[in-house]
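What follows is one structure encoded as C-alpha cells, with my remarks underneath.
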Amino acid sequence: MSSNIETINIIKEISGVNPLRCMKCGKCTASCMAYDEMDIKPHQFVSYIERGDLESLMLSESLYKCLGCFACVERCPRNVQPGKLIDAVRQTVIRQRGAEGMTTEEIRQLITQEVPQQLLVSAFRRNRR
Amino acid sequence: MPRIGVFVCHCGTNIAGTIDVAKVAEMAAAEQGVVFSKDYQYMCSQTGQTLIIDAIKEYKLTGIVVCSCSPRMHETTFRNAAQRAGLNPYMVEIANIREQCSWIHKDREEATEKAVILMRAAVAKVCLNTPLTAGESGVTKRALVIGGGIAGIQTALDISAAGFKVDIVEKTPSIGGRMSQLDKTFPTLDCSACILTPKMVEAASDENITLYTYSEVEKVSGFVGNFKVDIRKKARSVRADKCTGCGVCQEKCPSKKAPSEFNRGLNNRSAIYTPFAQAIPNVPVIDRENCIKFQTGKCGVCSKVCQANAIDYEQEDEMITVEYGAIVVATGFDVINLDKYDEYAYSKSKDVITSLELERIMNAAGPTGGHLERLSDGKAPKEIVFIQCVGSRCADERGKSYCSKICCMYTAKQAMLIRDKYPDTNVTVFYIDIRTPGKNFDEFYRRAVEDYNVHYIKGQVGKVLPESSGKLIVVGSDIIDARHVIIPADMVVLAAAIEPNKDARKIATMLTASIDNNNFLTEAHAKLRPVESPTAGIFLSGVCQGPRDIPETVAMAGSAAAKVIGLLSKDRLKSNPCTAHSDELMCNGCSTCEKVCPYGAISYETKIVNDHGVKKERRVAVVNAALCQGCGACTVACPSGAMDLSGFSNRQIIAEVDAVCR
Ligand SMILES: Cc1cc2nc3c(=O)[nH]c(=O)nc-3n(C[C@H](O)[C@H](O)[C@H](O)COP(=O)(O)OP(=O)(O)OC[C@H]3O[C@@H](n4cnc5c(N)ncnc54)[C@H](O)[C@@H]3O)c2cc1C
Ligand code: SF4
Ligand code: SF4
C-alpha cells in the first residue's frame with residue numbers, strides 16, 4: 001500500500017492533477033468521445049486517485065480507449081485536467097511493464113518521412129530509456 | 001515624561017494559543033516609558049475595559065497600547081474606553097497581534113517574538129502621540145440611490161418613510177430593474193409585475209422621492225454627510241411635462257428595427273420607446289442611433305402624431321448638481337456573455353436560450369405573448385433540457401469562481417411552470433449540486449421533482465449539437481448511474497452565471513468605494529457590517545454586493561435604509577482629526593501633493609510667511625481638513641518633507657521603524 005501511495009504521488013506530480021479541485025460535476029465525462037468504451041469514466045479517474053485505488057485504474061480498459069483528445073482537459077470548469085491523469089496512469093503501467101517498452105535507439109530507427117507523428121508519440125509512451 | 005500602559009489580550013485562545021501573552025506583558029514592563037502592563041482574557045469585554053479605565057486613573061497614564069486584534073475591529077472600543085477614563089482617545093495605539101501575528105504563525109516562540117516587536121513599535125509611537133480633537137461637520141438631509149431596481153426602489157421607500165428626501169438615479173428609461181423582466185417569482189410563484197409595479201408606482205408618487213431616470217451619475221466629490229454629485233439627465237427628446245403617455249408615437253414610429261433591451265434582443269422595438277408597458281415614468285425616449293429623424297433629418301412622424309406636442313428633437317442633456325448626506329449603491333447585475341461557451345451552441349441555435357430569455361418568453365408581455373415556443377420555427381417544444389451552473393463555480397477564465405446562488409431556485413421554478421402549463425412537455429435538468437437553503441426553498445425544489453416529475457440528473461452536458469432537423473442533441477453524463485445520456489431536445493435553457501452590472505467598477509471608483517476581483521462592491525465587514533462600504537457614507541443594497549434573490553435583496557434594502565436614516569438623523573458628524581497639514585516654512589508650492597490627493601483636499605494659497613524674521617510672499621499648500629481622509633499619499637509624495645499627518649507623523653513612523661529594528 002505504501003508503494004501505492006508513492007506511485008499515486010508521482011502520478012499526481014507528473015500529471016499536475018490535484019484531485020481535490022474536482023467538484024464532481026461530470027462535465028469531463030460528458031465531453032468524452034470515448035465514453036461508451038470506457039469502463040472507468042474520466043471523472044472517476046479523479047475520484048479513484050483521490051481514494052487511492054490505483055490498482056483498479058491500472059487494470060482499466062479506459063487507459064487504452066482514451067483518445068488523448070483532451071476534450072475533458074479543455075472543458076473541465078475547475079481546471080482538474082483528468083485526461084492528464086489518464087495519461088499518467090498509462091505511463092505508470094507502461095513503465096512497470098518495463099521490458100516490453102522500446103528503447104530510444106529502436107524509436108530513432110522508426111523516424112522516417114512516412115511514419116505518422118501519432119505513432120512516434122505512442123512509441124515514446126512505450127519508451128524504456 | 002510619558003506614562004504608558006500596555007494591555008495584552010488573550011482573545012480566548014485566538015492569541016494566547018500561539019503567543020505567550022504573559023511574556024509580552026512582562027517584556028512591555030521593561031520598555032522605556034511603560035509604567036503598567038497586564039494581560040487579560042478578553043480586553044474588549046466589560047471587565048477588560050474596566051481594567052483599562054481603572055489603570056489609566058490609578059497610574060495616571062498618558063497613553064496606552066492595546067495588543068489585540070486589528071484596529072478595524074476594536075480601535076473605537078478602546079478609544080471610547082480611554083475617553084471614559086478622561087484620556088484623549090487619540091492617545092491609544094493598537095498593536096495587531098492577532099490578524100498580523102497569532103493567526104498567521106504556528107511557531108509559538110517566533111510568534112511571541114514578533115508580538116513583542118509589534119508591541120515595542122506601538123509603545124514607541126504612542127510616546128510621540130499628541131492629543132487630537134475631532135472637528136465637526138454638518139449633514140445634508142438628503143440621500144442618493146444609484147440604481148432603480150427592486151433594491152434601489154425599496155431602499156428609497158424605506159428612507160422616505162423616515163421622512164428624509166431621497167433621489168433615485170436610474171440609467172435606463174424606467175425604474176424596475178431585472179425584476180420587471182421576470183415572469184413569476186419563487187418561492188411563492190406570484191407574478192413579478194403584480195408585486196413590483198405597485199412599488200414602482202409608490203416610489204413615483206412618494207413626495208420625498210425624486211426619480212431621475214435615463215440619467216447617470218457623472219462625478220462625486222465631498223465626504224460623508226456632505227457629498228456633491230453631478231447628475232447627467234440624458235436628453236429623452238420627449239418633454240416629460242407634456243407627454244401623456246398615450247403611446248401613439250411608438251405605434252406610428254416607422255423605425256422598428258432596434259433590438260429590445262427589455263426582451264433581451266429576442267424581438268425589436270421602435271426608435272421612440274418605453275422599455276415596457278408599465279414603465280415608470282411612462283414617458284418614452286428617442287434612441288437617437290436608431291431614429292430616422294436624427295440619422296437622416298427626414299421623418300419626424302412622432303412629432304406629427306403627438307397630440308400633446310411633447311416631442312422635442314432639440315432637447316439636450318442636462319447637468320444638475322445635488323448635495324447629499326449619504327449614497328446607496330444599488331446597481332444590480334447582468335447575466336454573463338456566453339460567447340465562450342460554444343459547446344452549448346448558444347450562438348449557433350435560436351433555441352438555445354438563457355434563463356432570463358426564457359423569463360421573457362414565458363411572460364404574457366414578452367416576444368411570444370407568453371406562449372412557450374421555439375424562436376426558430378414557432379413550434380411548441382416537447383423536450384426541454386435545462387443546464388445549471390453555466391459559468392458559475394469555474395476555476396478557469398471562462399466563468400466566475402462563485403456560485404450565482406439564484407439559479408437552482410429559478411430553474412426549479414421555470415421547470416415546474418412549464419410542466420404545469422404544458423404537461424406533455426418533458427423536462428430534464430442537469431445539475432452539479434442543488435443548493436436551496438432558504439425558507440420553503442428545498443420544499444419548492446422537491447415539488448418540482450415529486451409533484452411535477454421534472455427529471456433531475458446529477459451530471460453535466462458535454463455538448464449540444466444542433467441538427468438540420470431542428471433537434472438539439474444534448475450529450476451529457478449521469479454520474480450517479482454512470483450512464484451516458486443523449487437527449488434529442490427541442491429547447492435548451494442555460495442558467496448563465498450572473499455578474500455585477502458593467503458600471504460597478506466605474507461607480508466604485510467615483511465613490512472611492514472598494515470592489516472585489518469579481519466587481520462586486522465590498523462590504524465594510526463580511527459579518528458585522530454587510531450593508532456598509534468601508535468608505536464612510538456609502539452604503540450597499542442588492543446584487544451589486546453579491547448574488548441574492550428578491551427576498552434577500554428587499555431585506556438588505558431595508559437594512560441599508562436603516563443605516564442611512566441613522567446617519568441623516570444626526571445634525572453633526574465628528575470628523576477624523578488624523579488629517580494632513582503642511583509646514584509653511586518648508587513648503588515650496590511645487591504642486592506635487594495636489595496631484596496625488598485622491599480626495600481633492602489640497603489647494604494652494606499665496607501667503608506672507610515669516611521666515612526667521614524675514615517676511616516673504618510664498619505659495620504654500622493648504623489642506624481642507626473636512627475633505628482629507630488621512631490616507632497619507634501627500635506626505636509620501638512631498639519632496640521637501642513639508643507635509644505631515646496628525647496621528648501618523650513622520651517622526652512617529654520613524655520611531656516605530658526604529659523600534660522594530662532595535
Ligand atoms: C433568470 C432569473 C430569474 C430570477 N427569478 C427570481 C425569482 O423567481 N425570485 C427571486 O426572488 N429572484 C429571482 N431572480 C433574482 C432577482 O432578479 C434579483 O434578486 C433582483 O432583481 C436584484 O435586484 P437589484 O435591484 O439588486 O438589481 P437589478 O434588478 O439589476 O437593478 C439594478 C438597477 O440599477 C440600474 N443601474 C445599473 N448601473 C447603473 C448606473 N451606473 N447608474 C444608474 N443606474 C444603474 C440598472 O439599470 C437596474 O435598473 C432571478 C434572476 C434571474 C437572472
Ligand atoms: S469536469 Fe473537472 S470538476 Fe467536473 S468531474 Fe470532471 S474533473 Fe471533476
Ligand atoms: S482525453 Fe481521453 S478521457 Fe479526456 S475526453 Fe478525450 S478521450 Fe475522454
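By convention in this document, chain letters (A, B, ...) are assigned in the order of the sequence lines, proteins followed by strands, and residues within each chain are numbered from 1.
For B:Lys382, the NZ atom sits in a packed shell: over 12 heavy atoms of surrounding residues, nucleotides or ligands are nearer than 6.0 Å. Counting heavy-atom neighbours within 6.0 Å of A:Glu74 CD, excluding the residue itself, gives a total of 12 or less. Applying the 6.0 Å contact sphere to CD of B:Glu467 captures more than 12 heavy atoms from other residues, nucleotides or ligands.
For the pair B:Ala395 and A:Asn79, the tightest heavy-atom approach, listed with the atom from each and the gap, is O-ND2, 3.6 Å. Summarising the geometry of A:Ala30 relative to B:Gly462, their closest heavy-atom pair is CB-N, 3.2 Å, with the distance given to 0.1 Å.
The CZ atom of A:Arg75 sits 12.5 Å away from atom CD of B:Gln460, with the distance rounded to the nearest 0.5 Å. Distance check: B:Lys458 NZ to A:Cys25 SG gives 7.5 Å after rounding to the nearest 0.5 Å. Rounding to the nearest 0.5 Å gives a distance of 10.0 Å between CE of A:Met23 and SG of B:Cys403.
Comment: A:Lys27 engages B:Glu343 in a salt bridge, judged by a side-chain N to carboxylate O separation of less than 4.0 angstrom.
Remark: side-chain polar atoms of A:Lys41 are not paired, donor with acceptor, to backbone N or O of B:Ile479 under 3.5 angstrom. When atom types are taken as modelled, the side chain of A:Tyr35 and the backbone of B:Gly476 share no donor-acceptor pair closer than 3.5 angstrom. Of the possible polar contacts, none joining the A:Thr29 side chain to the B:Ser477 backbone as a donor-acceptor pair under 3.5 Å is found.
Proximity to chain A at a heavy-atom threshold of 4.5 Å picks out B:Ile432 from residues 424-453 of chain B, in numerical order.
Residue contact with chain A, scored on non-hydrogen atoms closer than 4.5 Å, involves the backbone and the side chain of B:Val475 alike.
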